[in-house]
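Worksheet: the structure to be examined is printed underneath.
A note on names: the letters A, B, ... follow the listed sequences, proteins ahead of strands, and every chain is numbered from 1.
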Amino acid sequence: MKLRLSEEDAAFREEMRTFFTTQVPQSIRDTVAARRELTKDQIVETQQILNAAGLAVPNWPVEWGGKDWTPLQRHIWHEEMQLASVPAPLAFNASMVGPVIAAFGSQEVKERFLPATANLDIWWSQGFSEPDAGSDLASLRTTARREGDEYVVNGQKTWTTLGQYGDWIFTLVRTDPDAPKKQQGISFLLIDMTSPGLTVRPIELIDGGHEVNEVFFEDVRVPAENLVGEENRGWDYAKFLLGNERVGVAPVGSTKRWLAAAKETAGERIASDPLLAARIADLENELLALELTALRVVAHSADGKPHPASSVLKLRGTELQQAVTELYVDLAGPLSLASGAQDGSDVPDWARVSTPQYLNFRKASIYGGSNEVQRQIIAKTILGL
Amino acid sequence: MKLRLSEEDAAFREEMRTFFTTQVPQSIRDTVAARRELTKDQIVETQQILNAAGLAVPNWPVEWGGKDWTPLQRHIWHEEMQLASVPAPLAFNASMVGPVIAAFGSQEVKERFLPATANLDIWWSQGFSEPDAGSDLASLRTTARREGDEYVVNGQKTWTTLGQYGDWIFTLVRTDPDAPKKQQGISFLLIDMTSPGLTVRPIELIDGGHEVNEVFFEDVRVPAENLVGEENRGWDYAKFLLGNERVGVAPVGSTKRWLAAAKETAGERIASDPLLAARIADLENELLALELTALRVVAHSADGKPHPASSVLKLRGTELQQAVTELYVDLAGPLSLASGAQDGSDVPDWARVSTPQYLNFRKASIYGGSNEVQRQIIAKTILGL
Amino acid sequence: MDFTLDSEQTALRDAVRGLLSKTYDSTETRREVTKTDPGFSEKTWQQLAELGALGLPFAEEDGGFGAGPVEVSIVAEEIGRVLAPEPYLETILAAGLVADLGSPEQRADVIGRVAEGALVLSFAHHDIADAVVATQSGDAWTLSGVKEPVLHGARADLLVVTARTDAGVGVFLVDPAVDGVERTGYRTHDGGRAARVAFDGAAATPLGDPSADASDAVALAVARGQIALGHEAVGAIDVALRTTTEYLKTRKQFGVTLNAFQALTFRAADLYVSAELARSMVTWATLVLQDEPERAVEAASRAKLQVSRAGRHIGQEAIQLHGGIGMTAEYSVGHYTSRLTAIDHTLGDGSEHLARLASTVTDHGVVDPIG
Amino acid sequence: MDFTLDSEQTALRDAVRGLLSKTYDSTETRREVTKTDPGFSEKTWQQLAELGALGLPFAEEDGGFGAGPVEVSIVAEEIGRVLAPEPYLETILAAGLVADLGSPEQRADVIGRVAEGALVLSFAHHDIADAVVATQSGDAWTLSGVKEPVLHGARADLLVVTARTDAGVGVFLVDPAVDGVERTGYRTHDGGRAARVAFDGAAATPLGDPSADASDAVALAVARGQIALGHEAVGAIDVALRTTTEYLKTRKQFGVTLNAFQALTFRAADLYVSAELARSMVTWATLVLQDEPERAVEAASRAKLQVSRAGRHIGQEAIQLHGGIGMTAEYSVGHYTSRLTAIDHTLGDGSEHLARLASTVTDHGVVDPIG
């Protein structure tokens, strides 16, 4: 057992740190640090910088632009990126559809989509959830009926994050409504979002922002070659994807950064308010424990499969993320109401965004497998209950 | 709406306060205040003092020694008793078996048992729980087979609090093993604990104390006249009893007194430790909210039936009771280990008892209907879930 | 001791509930109203006045209706139930200072018009940087400095402003139309309105004797506001909890309704506990205000702390138990969470009140609710 | 960075686990051992020595085995798993001060005998009232004052005592058989032993230079003890959690096993989260002790805080999820709760460590676990 990074890993960390803090435009990193919303262009620009340096999709197979990194190196890459306020590569591309295509797609599908996916030339949207299929994802109803060389898709997806920017959408669709189990009969289909019959409707969230959408399919015709893997095996691919997602949504690094920034924001008040100091120290300790757990998980997941303890990371990671957003609201106090303040207001930026962010991050314990789903996984898979 | 007590109630409160603080021996009240264990004699002496003044069983029918008090007066009686560190009348007698006999017993059974029960001439034990019937009480297995004028009882009860002092035990026994529902076929039977075949075995608890017991029945012959009410109707009587019990086990007054004493114990430390001050202030506020809720329940339970919100009192009341015991352990710090300290030790009494009491009060959220059962009641009965 | 409404109070509650539940019959209706300035319905404001809801706590000789804290709480709770965006709290709080401190002329001028719905008041109290300072020149007073956020400060017809004087704290009436007042209004996250209000030598009229410190009067007025806000929160909590339990009963997942999942129903039970405790505490605080006003500041802190805890617990869990739908602006429950968050941070949040209570925790043994 | 045990470490763990799980094969066995003084098994103590467990962290030239913090943690965790009552922590902590501060002769005298199991040491550190004072007279030192509670203080063959000197804190060896030492032993709630140890001009030998302040050495020794205790807690937590989940799988209520109740299994999941986070933190603290000892005091506070939280959470819930059986001395789980409570309050509880961490929270931006 040892604590220190190997010389090789320490050098790797230094390399990542240098890259992220020098090669990604300061204006983009400032936007992230200030917890303001990124534009589509900023997200694309960042990913293309990373991709040009071979740092956008390290978790992919090497032949498609991935890196033969150890899990620890991947962890370092991810943490340093967050600590440097660099927006991560778009999860829909880099962590979700990319790995699925790389693992299960035909050679044609791979060649057609993977390079453009890595470079964010295609912006992918996710078409999994439906109004009546939330945590119970497998009960989805969107159908894809085979007609000759095409599928005809009908139904509705929802919670499609940043779907307003989407070029393509990867979907789970029901191709065999008569399958004995609902998990069977589902396929994984790639759909061009400019297809006739496909419409995107924005959903306003409680923070007033527009980041999710509904996507409607009305007799949308999709070439059969857009199927990933085998027909009716989509549930397997979805499980593979969701396992990867879970690992990605426990952003320890960004929460650490937020908490450190909260200390700067609070400034002198910490010294005069012991309860505030204790609250911050407590959060800091919990975050450290979580980070160390992430490192343990990393150290023990050599086989590339998601470690069951990744549910711990998602569950606790989002709780702490939410706790830090709540801390900001309390730091802002009465100023937290001034979310709509404009130029000329004396309310500082961080205070204006505090409540909308707090409200927005209530989503963190719902999406990517709700925390109830994570508890279920821990109870069943780990504890055998 | 008004806050103040009516003149009549204020006078009643004064009367109770005076009685409890002048008529009950100081040594007994000191024992309670110091959170030390009471002897059997102290408990009996107190109840007989109360009973002589007509204050032992106010919740009973007037003809059996009860008082025609309003729910608020009953509440005041109970709170003042706790604030004065007066041990409450033995619950098994005053709140459990007494009301059941008064409500459902024959005239003979009433005359035979009620006066002696009120005066604690008979010490009752409770024979409900069994090793395999905890929260699922109705699955009890102890049987009472009718043979002529007698029942022959076989089986085992457990968690019989203070059973070592018991003269008689009130039991739930299965008289009809073939009843279609397990709740049917149960009877409420009174058993002399000196009967041949009845043995009491102590159970040591984790604080090292002996307050609960197992009671074994091996062909114990019980006169049929000891049946309360009708055969096979025992479950109804038990529900009546448990509803009363729930109200009694939310000891707001004693927890308030403990918390006030903790402030004296902590003394100067409160001024120098803002986290401690905040913790105490927080507990005090939660307790006040609970007390006010108890008053609201009291004000709205004119019909004598337990208000469904009494589950809130049990649930939150025991949580706060436990939180105060935990506070004492933390106040004692390293001294909390010295539970076995004897004469000559420099560790103060309150610190010595802190951990045993903390451990002992883990029971509070288990007995009298566990807090899980209370949540179930709230969810089902109040919220309709 | 009595926790029941009398028949007049019940009638008041039913009337206000009738009006508001018709006006704000859906999330969509409320969103429409809050979308455009002033962020509330002037018509509803008039209707509230017609019901007598706006003059309740004020003396009849001033033009009020001679009711008390209980009646204010009743209205506040109904406002909370539907998240009505009308500036009730702000107006009542500010008018209360006029009633307490103002001269007979000032009272006659302001209270009657408030009761008629002809005046929206705003209480400009929070100094964002240096305190607003009041300067005397002869009989005339002027104010300089910035207050922000001032709830409904851009729409208000009249501002009640706290300012630093040589004596300590003074309270002033300011006509926002005078020179030297600049107001910049904006939306708040809960659909409400607030403003930056800058004073630059703005003419102001003292309420009461400006050579005396008005801190105690301000503290009492704030306590009244805190307690009314507590009732608003309790109304919102009640509906948020009901909405959530209804959802658990009807939403299906894995082939059953959600109330088949004990992990969820037990959490709902815990929410009920929080809601009941909060309701007990704010009801008590109202009665303290009515019967023992000298304890009202402490009682208000206690109520605000309890409501802060309950509001967070229920606001957060209401969304979580709903899942994704709870995050959307089209659905009701997230708006309740947003409003509960705003209430928490208006007139002192939970941490602030806990710190206050902690600083006086050794001043007493037990807390006796009935004095 | 590497979190895996090497083969020697694995062998050590297996050997200690083999010994202790045979010795303490049931709650009843342990209760028998702790019932009579000295509250542990002298035979097991010898067997631990034979396994090499008692000399692990000490230099070979002093008579130790030249291993490090990881090996100590391995033993501590196994002790925690079965709640072995042997005075391992006390002896290792006190011997550590001898190793750090003692002269070559003192080290040779003490460490070797500790490693052989011939000496039980006790660390007399907590001043119950005024601090124990050390007084010099020529070359001779005497101590006066009271330490309490001193864990295993009545049985100890040798006491390592902290005392106030002119220079600050001094550390002294005291033979408890000398005049002026009075020891009164008693049971602790977790089945352990403690004592009041009164010094009245008792002869004492300084460890190290008594004209220098030994605060830093004491702090490091205490940190080592805290971290070892953390591992003991993590061992206990692991077994308490497993025992609880096994119970949920087998205990029937309402016709089904308890794991059919989602409200219970979700709480078990939360316990697992607490357990994993605590394990991560103490493992890290051990590695800090090994690789960056200058950060060990901070790391120990972090570990102790995390373990305090986890120990309370799991100790309380383990009983609650069992119900009545969990309250009984015949069953195992309550003893785990009792021991976790004792560990929490040994060498500083959660509140104390939180206060410490809070007082330095502005000294850094983010916490970097790997330096």
Side-chain angles (χ1 to χ4, degrees), chain A residues 1-6 9-10 13 72 76 83 253 256-257 259-261 263-264 266-268 270-271 274-282 284-300 309 311-312 315-316 319 371-372 374-380 382-385, chain D residues 1-6 9 70 73 241-242 244-246 248-249 258-259 262 264-274 276-281 283-284 286-288 290-292 301-303 305-306 309-310 351 353-362 364-371:
Chain A
M1 291 186 118
K2 67 183 167 59
L3 181 62
R4 291 228 174 80
L5 294 177
S6 67
D9 287 335
R13 179 156 88 150
L72 177 59
I76 291 171
L83 285 173
K256 270 172 76 171
R257 187 170 43 68
L259 184 61
K263 289 197 277 187
E264 283 181 42
E268 296 298 310
I270 297 178
L275 271 72
L276 175 62
R279 180 173 174 187
I280 293 173
D282 204 357
E284 202 167 73
N285 226 47
E286 293 285 340
L287 263 172
L288 175 62
L290 185 71
E291 181 176 8
L292 293 164
T293 305
L295 284 167
R296 282 176 56 220
V297 168
V298 158
H300 291 105
S311 285
V312 172
L315 174 55
R316 195 77 189 118
E319 285 174 352
N371 283 5
E372 287 70 32
Q374 306 305 334
R375 285 195 185 89
Q376 184 72 12
I377 292 172
I378 293 170
K380 267 224 155 59
I382 303 180
L383 300 177
L385 291 171
Chain D
M1 175 168 288
D2 176 9
F3 290 108
T4 49
L5 300 180
D6 64 26
Q9 291 165 339
V70 173
S73 296
L241 177 55
R242 262 163 220 262
T244 303
T245 53
E246 279 313 307
L248 293 179
K249 279 183 240 185
L258 288 179
N259 63 349
Q262 197 192 43
L264 307 185
T265 61
F266 273 35
R267 277 157 67 183
D270 285 333
L271 297 183
Y272 177 78
V273 173
S274 280
E276 282 301 301
L277 295 183
R279 175 176 290 283
S280 300
M281 196 73 112
T283 304
W284 172 75
T286 294
L287 293 179
V288 170
Q290 172 187 279
D291 295 341
E292 296 187 60
S301 274
R302 296 194 176 283
L305 172 57
Q306 200 72 28
R309 294 279 156 79
S351 334
H353 289 288
L354 177 60
R356 266 200 221 178
L357 294 168
S359 69
T360 58
V361 77
T362 52
H364 53 266
V366 295
V367 177
D368 187 345
I370 47 183

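If you measure heavy-atom distances from D:Thr283 to chain A, the contacts under 4.5 Å come from the side chain alone. Proximity to chain D is limited to the backbone of A:Ser6, based on heavy atoms less than 4.5 angstrom apart. At a 4.5 Å heavy-atom cutoff, D:Arg356 makes no contact with chain A through either its backbone or its side chain. Within the 4.5 angstrom heavy-atom criterion, only side-chain atoms of A:Leu72, from C-beta onward, approach chain D. Contact of A:Leu287 with chain D is not made at all, since no heavy-atom distance falls under 4.5 Å. Residue D:Val70 touches chain A through its side chain alone, counting heavy-atom pairs closer than 4.5 Å. Interface residue D:Gln262: only side-chain heavy atoms are found under 4.5 Å from chain A. Residue D:Gln306 touches chain A through both its backbone and its side chain, counting heavy-atom pairs closer than 4.5 Å. Neither the backbone nor the side chain of D:Asp6 comes within contact range of chain A; no heavy atoms are under 4.5 Å apart. At a 4.5 Å heavy-atom cutoff, the contact between A:Leu295 and chain D is made by backbone and side-chain atoms alike.
When all heavy atoms of A:Met1 and D:Gln9 are compared, the pair lying nearest together is N-OE1, 4.3 Å. A:Ala277 and D:Val361 make their closest contact through O-CG1, 4.3 Å (heavy atoms, listed as atom of the first residue, atom of the second, distance). When all heavy atoms of A:Leu385 and D:Ala268 are compared, the closest pair comes out as CD1-CB, 3.6 Å. Nearest heavy atoms, D:Gly365 versus A:Glu284: O-OE2, 3.7 Å.
Looking at heavy atoms from C-beta onward, D:Leu357 lies out of side-chain contact with A:Asp282 at the 4.5 angstrom threshold. Side chains of A:Arg13 and D:Ile370 form a contact here, defined as non-hydrogen atoms less than 4.5 Å apart. At a threshold of 4.5 Å between non-hydrogen side-chain atoms, the residues D:Val367 and A:Glu291 do not count as touching. Between A:Gln376 and D:Phe266, some side-chain heavy-atom pair lies under the 4.5 Å cut-off. Side-chain contact between D:Gln290 and A:Leu3 is absent, with no heavy-atom pair separated by less than 4.5 Å.
When each of D:Leu264, D:Leu248, D:Thr265 is scored by its heavy-atom pairs under 4.5 Å with chain A, the top score falls to D:Thr265. Of the listed residues (A:Glu372, A:Arg257, A:Lys380), the one with the most heavy-atom contacts under 4.5 Å to chain D is A:Glu372. Among A:Ile280, A:Ile382, A:Asp9, the residue with the largest count of heavy-atom pairs under 4.5 Å with chain D is A:Ile382. When D:Ser359, D:Ala278, D:Ser280 are compared by the number of non-hydrogen pairs under 4.5 Å with chain A, D:Ser280 comes out ahead. Of the listed residues (D:Leu277, D:Thr362, D:Thr360), the greatest number of heavy-atom pairs within a distance under 4.5 Å of chain A belongs to D:Leu277. Of the listed residues (A:Leu292, A:Ile378, A:Leu315), the greatest number of heavy-atom pairs within a distance under 4.5 Å of chain D belongs to A:Leu292. Put simply, of A:Val312, A:Ile270, A:Leu288, the one with the most heavy-atom pairs under 4.5 Å next to chain D is A:Leu288.
Rounding to the nearest 0.5 Å places CG of D:Leu305 at 4.5 Å from CG of A:Asn285. Atom CZ in A:Arg4 sits 5.0 Å away from atom CD in D:Glu292 (nearest 0.5 Å).
Between the A:Lys263 side chain and the D:His364 main chain, a donor and an acceptor come within less than 3.5 Å of each other. With hydrogens and angles disregarded, no donor-acceptor distance shorter than 3.5 Å links the side chain of A:Arg316 to the backbone of D:Val273. Side chain of D:Asp2 to backbone of A:Lys2: no donor-acceptor contact under 3.5 angstrom is found.
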Under the salt bridge (Lys or Arg N to Asp or Glu O under 4.0 Å) criterion, do A:Arg296 and D:Glu276 qualify, and how do the steps go? CA-CA 10 Å; A:Arg296 282 176 56 220; D:Glu276 282 301 301; 3.0 Å; yes

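Atom NZ of D:Lys249 is surrounded by more than 12 heavy atoms from other residues, nucleotides or ligands within 6.0 Å.
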